[in-house]
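Just so we're clear, the structure is a prediction, and the values are computed from it rather than from any experiment.
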2 protein chains.
Amino acid sequence: MSIALRPSQSLRLWQQVALSEVQAGMADLSMRQMAILLTVYLDPPPHTVRGLAGQLGVTKPVITRALDTMGALKLVGRQRDEKDRRNVLVRRTVEGALYVERFGDVIIARARELPI
Amino acid sequence: MSIALRPSQSLRLWQQVALSEVQAGMADLSMRQMAILLTVYLDPPPHTVRGLAGQLGVTKPVITRALDTMGALKLVGRQRDEKDRRNVLVRRTVEGALYVERFGDVIIARARELPI
DNA sequence: CAACGTCATAACGCTTCCGGAACAATTATC
DNA sequence: GATAATTGTTCCGGAAGCGTTATGACGTTG
């Protein structure tokens, strides 16, 4: 059984989750930042700047800047790759894991409240 | 039947939709901007700056700036309320309606692809 | 070991956004 | 009709984003 959403449900879900996040005063991440954050936490490591840039179809400075901002928020960390010291490996953090987990809970809760 | 999502599904859905948007080179809207845009298009009008600020729990300048940016993208419009000329009514646009509709389609498509 | 790739970041000029305070325009109240 | 309240915008210094280009560190190849 695949997840079947009707148009009004899909948009309403997104709205309700976004509203919840804004109302809760959470960090106002952009779509790009969310894509990076979730990719780091959902896809298997390692994650490099170049790899993320390629996956998102953006330039490397875009990734560097996003990592700067989310790093200041402790949502991700950075570490030199000792095997190839040109690479920077994006590391998960405890705070980031908690953030992502909580975010998933919000989605589930709002999905449950959707009108049929 | 309510929409029941498991934790991994909810986060994966959000990631896939965000990735689709970024890869497609769509406007990189923040969570706040998405909340405003979807509220304007999903909730019944009229929408005022003050009303949106109250609903999102942010200050009025935040709404003004978001409307500036999304107005430049033609996603929303503004119109003076002739009944009470202090008010500004946020108007929907053709471009905005198409944007929102397309976005809903992306959510549905990614939801359908979710692993069980 | 020198020349060339590759990686991530820094630098550049510009735009957007922030929170908070001040503002002009409009309406309500006395 | 003067005063007060309300609405949305503008202004402030500062932070963060953009795309593009340049740079520095590291690895690979001749």
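- Between A:Asp81 and A:Lys83 no salt bridge is recorded (no basic side-chain N to carboxylate O distance below 4.0 Å).
- In this structure, B:Met31 atom CE and D:dA16 atom P are separated by 18 Å, rounded to whole Å.
- Contact of the A:Arg80 side chain with the A:Asn87 side chain is not registered, since no non-hydrogen atoms from C-beta on lie closer than 4.5 Å.
- Among the nucleotides D:dA5, D:dC18, D:dA16, the one closest to the side chain of B:Arg86 is D:dA5.
- Distance A:Gln79 CD to C:dC7 P: 19 Å, rounded to the nearest Å.
- Of the listed nucleotides (C:dT9, C:dT16, C:dC18), C:dC18 has the atom at the smallest distance from the side chain of B:Val62.
- You'll find that the side chain of A:Arg50 is closest to C:dA8, out of C:dA8, D:dT7, C:dT27.
- With rounding to whole Å, A:Leu67 atom CG is found 11 Å from D:dC18 atom P.
- Surrounding CZ of B:Arg50 are at most 12 heavy atoms belonging to other residues, nucleotides or ligands under 6.0 Å away.
- When the side-chain nitrogen and oxygen atoms of A:Asn87 are compared with OP1 and OP2 of D:dC26, none of them lie within a distance under 4.0 Å.
- When the P atom of D:dG8 is taken as reference, atom CD of B:Glu82 falls 14 Å away, rounded to whole Å.
- Side-chain N/O atoms of A:Arg32 include one lying less than 4.0 angstrom from OP1 or OP2 on D:dG19.
- Taking atom NZ on A:Lys83 and atom C1' on D:dC26, their separation rounds to 17 Å, with Å as the unit.
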Filtered N/O pairs between nucleotides 10-12 of chain C and protein, under 3.5 Å:
none

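- Across all strands shown, A:Gln33 has heavy atoms under 4.0 Å from sugar-phosphate atoms exclusively, and none from any base.
- Checked for salt-bridge contact, B:Glu21 and B:Arg102 meet the test: a charged N lies under 4.0 Å from a carboxylate O.
- The residue among A:Asp28 and A:Gly51 whose nearest nucleotide of DNA chain C is located toward the 5' end is A:Gly51.
- Between the side chain of A:Ser10 and the backbone N or O of B:Ile108 there is no donor-acceptor pair closer than 3.5 Å.
- Among the nucleotides D:dG19, D:dC26, C:dA8, the one closest to any side-chain atom of A:Thr48 is C:dA8.
- Distance A:His47 NE2 to C:dC7 P: 17 Å, rounded to the nearest Å.
- Checking D:dG8, D:dA16, C:dA8 against the side-chain heavy atoms of B:Arg80 singles out D:dG8 as nearest.
- Between B:Leu29 and B:Tyr99, some side-chain heavy-atom pair lies under the 4.5 Å cut-off.
- Here the P atom of nucleotide D:dG8 and the CZ atom of B:Arg78 are 11 Å apart, to the nearest Å.
- No hydrogens or angles considered: a donor-acceptor pair under 3.5 Å links the side chains of B:Gln15 and B:Arg12.
- The CD1-P distance, from A:Ile36 to D:dA16, rounds to 16 Å in whole Å.
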